[in-house]
Amino acid sequence: MRRTSLALRITVVCLAIAAVAVVVAGLVAARLIRTAGTDVLRQSLSAQADVVASQLDDTGIGNRLGVGKVAEVVRGQGIDVVVRRPNGTLDGAGTIAASAAAKAGLTRSGSDTVLVDGQQYLVEVRTVGTRGAAFALVQSAKTGEAQGRPLVRNIVLALGAGLAVAAIAGLVLSRMLSRPLRRAASVANGMRSGRRDLRVPVEGPSEVADVAKSVNELADALQYSEARQREFLLSVSHELRTPLTAVTGFAEAIGDGVAEGEDARRAGQTIHREAARLERLVSDLLELARLGADEFRLDPTRLDLAALVEECADVWRLRCTRQDVTLLVERPPGEVPVIADPRRLRQVVDGLAENALRVTPAGAPIVFSLVAAEGQARLAVRDGGPGLGPEDYPVAFDRGVLNKRYRDRRPVGSGIGLALAHGLVTRMGGTLTAGPAPEGGAAFTVAFRLDRVL
């Protein structure tokens, strides 16, 4: 579905807001102009009525000629004059003006607005002398509206100009706001095609700058992640190449008849050992790949961590004895209940024990230490091996990092066992940390919350 651009939307919104403002301002201005025109017209009519009253007296009202002169002056301005003579008769105006004056009443001086045949008329009444004579100046309210039309026209033109300026300002603003976003979209498209050297200039309003900053951080993260993946693949390739070379070489020796008798038996044992190593590596890779998938299955249940430690110790005590390594178990009396997947947790402990046994020299200990305190159960696998450097502990669970650092100096595993163990413990709701051990080697500690039944 084709979507409208941000620039167009901002322009349309600015135009809509400006249009609403123009309509409201126009209506208010028209109302004010109409009211102001009527007020000005009334003030002018009142002033003229006062002037006319000052020029007339009882004699003037009674003199038809005097009234006629006054009527000629004001009628030139669109004003009708209605005279009430002392005898009560009305004179000097048409039917509409006389009706308006009659509605206003000619008994006392004052101002009034009357409605005759659906139209408004302004009436100014002035009494003259003491004999009951009076006159009224009558003017249509439309005269004031007609006088205000040029002003309304000018205001409409000004509002139209404001609307045009709003449209131009909206267009300029939309381009200014959308330019950084278009740059961010362009960089994102470049990243999608494989470019990792592109960055977005951090500019514009804070929200737009945040978008640019986030895109740049994403590019940095992708670049770092892909570099780590390349290093990991190189490490795995190195681990695969060694057993494959051994398997291929000994298989060729057997196939060519070079290895016979005892040599063939040793070659077969080597092939079996290296094939098992390959199997473990591939299995770890598959487990690590499944670990990040939603369908990875866990079966958490309530288990006794102390019993699991004893079970693991029974298995690893024999293997440690074969390598002249002492296995020690430290655990509190009684049950240590936690919620975890027994099979996966056993896989984690076995993996940590295998790593410890690989680097522990003869005569040094391996310790399974279980502590229950402060609402947590902490199982540490400690060894008396060469240990790790302080800089190694923060990256101990990153795939292939320790393997790359130590594969030329000591026995190493596949490079993904610790990453797999960390992922399994995290998925079960626990934590796995690394640090130095009192025995001189490294300690890897699995922690779970104690499940105490109330």
Worksheet entry | Side-chain donor or acceptor of Asp392 paired with backbone N/O of Gly389 under 3.5 Å | yes
dist Glu124:CD -> Gln139:CD (nearest 0.5 Å) comes out at 10.0 Å
Report task. Please report the C-alpha distance between Thr426 and Thr431 in whole Å, then the side-chain angles of each, then the deciding distance to 0.1 Å, and finally whether the side-chain contact (heavy atoms from CB on, under 4.5 Å) criterion is met. Result -> CA-CA 6 Å; Thr426 302; Thr431 59; over 6 Å; no
message: Do Val381 and Phe368 make a side-chain contact, defined as non-hydrogen atoms from C-beta onward lying under 4.5 Å apart?
response: yes
* Are the side chains of Val367 and Glu439 in touch, meaning some heavy atoms are under 4.5 Å apart? -> yes
Sequence neighbours excluded, the answer for ring pair (Phe, Tyr, Trp, His ring centres under 6.0 Å) partners of Phe448 is none
TODO: Mind running side-chain contact (heavy atoms from CB on, under 4.5 Å) on Asp341 and Arg346 for me, showing each step along the way?
DONE: CA-CA 8 Å; Asp341 185 327; Arg346 175 64 186 271; over 6 Å; no
Heavy-atom side-chain proximity of Cys312 to Asp350 below 4.5 angstrom:
yes
Separation between CG (Leu352) and CG (Leu432), nearest 0.5 Å, reads 6.0 Å
- [ ] Please confirm whether the backbone N or O of Gly334 pairs with a side-chain atom of Arg331, one donor and one acceptor, at under 3.5 Å?
- [x] yes
task: Check whether any side-chain heavy atom of Thr445 sits under 4.5 Å from a side-chain heavy atom of Leu379, and report yes or no.
output: no
* Asked: Could you go step by step and tell me if Val123 and Ser111 meet the side-chain contact (heavy atoms from CB on, under 4.5 Å) rule?
  -> CA-CA 6 Å; Val123 181; Ser111 302; over 6 Å; no
Contacts of Thr113 meeting side-chain hydrogen bond (donor to acceptor under 3.5 Å, both in side chains) (sequence neighbours excluded), chain-then-number -> Arg42
| Arg378 versus Gln376: any side-chain heavy-atom pair under 4.5 Å? | yes
Here the side-chain hydrogen bond (donor to acceptor under 3.5 Å, both in side chains) pairs for residues 209-218, sequence neighbours left out, are none
Tested for side chain to side chain contact (heavy atoms under 4.5 Å, CB included) against Gln323, the lone hit among Ile366, Leu357, Thr360 is Leu357
Checklist entry - Mind checking whether Leu327 and Val325 have side chains closer than 4.5 Å, heavy atoms only? => result no
